[in-house]
Amino acid sequence: MDVMVEARGLEKCFGRTRALQGINLSVPAGSVLGVLGPNGAGKTTTINCLTTLLKPDKGYATIAGYDVIKQPAAVRSLIGVTGQFAAVDEELTARENLVLFGRLLRLSSVEATKRATELLEQFELLEAGNRRVKEFSGGMRRRLDLAASIVAEPLVLFLDEPTTGLDPRSRRQLWDMVVALKERGITIFLTTQYLEEADELADRIVVIDRGTVIAEGTSDDLKSRVGGTFCKLELADPKDESKVRRALSGLGDVTGTGTLTLAAPDGVTTLSEVVRRVDAIGVTLADISLCRPSLDDVFFALTGHTTGETS
Amino acid sequence: MTLPLNAAQLVKTRQEGGFLRTVYDIALVTQRNLLLDLRNPAVIIGSTGFPIFLMLVFTASFAKVVVPEGSYTDYAQFLVPLSTIQGLLFSTINTGTALYYDLRSGMVSRLRTLPIARSAVLAGRILGGAGRLLVQVIFITLVGHLIGFRFQNGFINGLIYLLLPVLFTSAFSWSAVFLAVKAKSAETVQAAMAPWLLPLTFLSIGYVPKEGFPEWVQGFVSINPVSAVAQAMRGLSSGGPYIGYVVQTLLWSVALTAIFSTLAIRAYQKRNS
Amino acid sequence: MTAMDLQARAKQLVKVRCEAGLSRAIADSFIIGQRNLIRLSRQPAVITGVLVFPIVFLTAFLLAFERSMSAQNIDYIQYLVPIITLQAMFFTAMNSASNLAGDIDTGMLQRCRAMPISRAAVLGGLLIAYLVRAIVTLAILLPVAYLYGFRFHAGVFSIIGYILLTLFFTTVAVTGYALLALGLKKPDLVQSLVIVPYAPFLLLSSGFSPAENFPTWLQPFVVIQPVSHVAAALRALADSEPLLVPLLWSVGWLIVLLSGFGFTAIWLYRRIS
Ligand SMILES: Nc1ncnc2c1ncn2[C@@H]1O[C@H](COP(=O)(O)OP(=O)(O)O)[C@@H](O)[C@H]1O
Ligand SMILES: [Mg+2]
């Protein structure tokens, strides 16, 4: 058995909203699947179906071979879930929260306390451990939430938009923690609105839109379909434009006026080559940067509409 | 870069202050608060529906106890004024919680950064509350009419009857505003108000006449401001002496406003969020 | 890990973490109950709700109506304490609904539903915590009532019976209100609607005033509804009066309501989204 999570033809309607219209996906054991999609795409609904919170109207899904619909209790023994909104108790301290979940997962009081300390340390919350959660920042809350879902080590961890609304530093911290969990062999199912996040964490990416899977593959697969990284340069003096175009010929198609862009398949290598050539002809640049395609770019390339038009 | 106006000009055109500006600012904030009330009919219905319900239930269950020889209508004529003032006093809790949510959501901070009158936030809250109170008085009185309550004392007195409790309750709502500014959670406002409101409204000449109480409580009953308001309203609607009670009510209103508005404004200025 | 290892590990986890069974249900309920109690002990509003409210109500009603009631030959303290007890239990249950709605709002409920814990644990834990709160309330209310002159005339057994019947009533009320929270989900909506079951059932009962004092057309409802019967049974217990009829009615009502509420609540819990 090397498939840990499998979904076939999941469908779910809420009244007249067709939230899922046949989701197919599978996650190999020990890998990270990134589910990428804009707001309202059906990410949360998919997670709810896979974690026994919601019964799909049609289709089936399994976790480690256990049927989500027919053996929900077994499935719950194998999973950890971090929902979209940090579900921890405001009035309780971080430690009390973790002990609570530990005891619910059948650790003894002593074990649960020990485990709580371990997790607080691992998630850099030890100092704040005895403060009430309502005094926590968004990043701390998220980390605690993540810790709470692995109090008893799961086989599969579901993370629903774990970094939405976090500052860059907290996001980076959380990513490191997810990577650490992956290295322990936990299979991870992660939804996100950021291509960058999926790129960073996921082995494979599934793009969903309006309740269906519209693309699937590794991050590189997707990028090559979208066009991958590109290099963007802004000239200090627009009059130099034709000179620069000539200097860059051979590196690839240069598009745009004023701000020029060209594909940078080799990333930084391409960038430094551009800088070298522009320097050689004595032109000053106002700005130069490497850009990755955003979720919007991916969507535009895959569907012909931008994310905003989805809902 | 050139600004369309220079700083001095901006300060001149936008700066707060002046009587008209202040009135205008307060009116705008009041309008906003009234609009929010209007968009949340559940709150108005809840805070009006409950006193109306209490009034009906008390009429139903205690009329024969309090006025054994009388009819339900007689008791209604006696009870409606107190029910009205009780309903209004309880809805000051809403005034407090609404302000609390504004403080917490950052709405108040935003208003405070605008070049508008400093008094606009709190005064607008009280005036917006008064608008809602007036609506409630009218509702309660209409339902009172259905169970037999009648104005027997002319149009002008009827009008004063409607306005007097609004005035008194607005003065009282400064205490809710004060608590809201101080409170750490919305329930605190409620938890701090309710234990006061219950004895104030129950131990008044409202549900039963003064003689119905044990002697040792009668002293409190007669100085209780709610008794004064209820007696004034009773006089205004059914006849009997009322000038003295109206004056008492007005004095209480002034005193409550003076004390609690000072406390509230002071606490408000001390806030650092 | 090889594929076989993984399969075996999954099997083992499923076995160890199995959520079914009565002992699991009880153990999990107690853990969640404990958590709810910690939360309750940290909410200041709860403290007023438990300590102050019932006593304020008791005092206010007693002072306002004792004299008038004695004109009807009713010893009002004996008459009043049971309904004040039930009212306190209603407040307890109303608060449980707000807390449950809060848990739905924060996602706590979903988290519990996705964990391998008993399906009954969330509701069971709610019930346990609020029964503890009910006991605390009784431990404060009954001594105060004693000071006011309330007596159990049939000794220890009547006290135990009184407490047990009250707790049974609380169980039904908490379950019923859980239904409200599970159905409505939004905390502010729940907060503004908790009053809806309370008002007619508690106030239109023979708990505050005998049924004969109500208008004739209301009397059938007042006589037949459960709160009247439970209040009557509690009175009979305290006064050492014929108990069988009111007790049978009460227990009958409570069993019917509990099974109806219980099944619906679990059904809603299973399919909430
Ligand atoms: N409980 C619900 N009731 C009604 N509609 C829902 C419910 N949950 C989700 N939806 C709808 O289903 C669609 C997918 O929602 P969701 O799975 O939450 O999207 P995402 O998590 O990708 O933002 C949306 O259009 C949303 O409005
Ligand atoms: Mg979502």
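Proteins get letters first, then strands, A, B, ... in listed order; numbering begins at 1 in each.
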Between [X] and [Y], what is the shortest heavy-atom contact and its length?
X      : Y      : answer
C:A10  : A:A64  : CB-CB, 4.0 Å
A:S77  : C:C18  : OG-N, 4.4 Å
A:F101 : C:M108 : CZ-CE, 3.7 Å
A:L104 : C:M115 : CB-CE, 3.8 Å
A:L53  : C:R113 : O-NH2, 2.9 Å

Worksheet item: More than 12 non-hydrogen atoms from neighbouring residues, nucleotides or ligands closer than 6.0 Å to CZ on C:F30, yes or no?
Response: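 No - once you tally the heavy atoms of other residues, nucleotides and ligands closer than 6.0 Å, there are 12 at most.
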Worksheet entry | Between A:T52, A:L92, A:L105, A:I63, the one whose heavy-atom pairs under 4.5 Å with chain C are most numerous |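 Most heavy-atom pairs within the cutoff with chain C belong to A:L92.
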Worksheet item: If you count heavy-atom pairs under 4.5 Å with chain C, which of A:I79, A:V81, A:N97 comes out on top?
Response: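 Most heavy-atom pairs under 4.5 Å with chain C: A:V81.
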Fill in: Contact class of C:R42 relative to chain A, heavy atoms under 4.5 angstrom
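Both parts, heavy atoms under 4.5 Å.
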Fill in: Residue C:K15 versus chain A: region with a heavy atom under 4.5 Å
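Neither part.
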Which bit of [X] is near chain C, if near means a heavy-atom gap under 4.5 Å: side chain, backbone, both or neither?
X      : result
A:F158 : neither
A:S149 : both
A:E90  : neither
A:V88  : both

Atom [atom1] of [X] and atom [atom2] of [Y]: how far apart are they, to the nearest 0.5 Å?
X      : Y      : atom1 : atom2 : result
A:L78  : C:R17  : CG    : CZ    : 7.5 Å
A:R76  : C:C112 : CZ    : SG    : 11.0 Å
C:R270 : A:K55  : CZ    : NZ    : 11.0 Å

Discussion item. So if I apply the salt bridge (charged side-chain N to carboxylate O under 4.0 Å, His left out) rule between C:R111 and each of A:D89, A:D145, A:D160, which one comes out positive?
Written reply: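 That would be A:D145.
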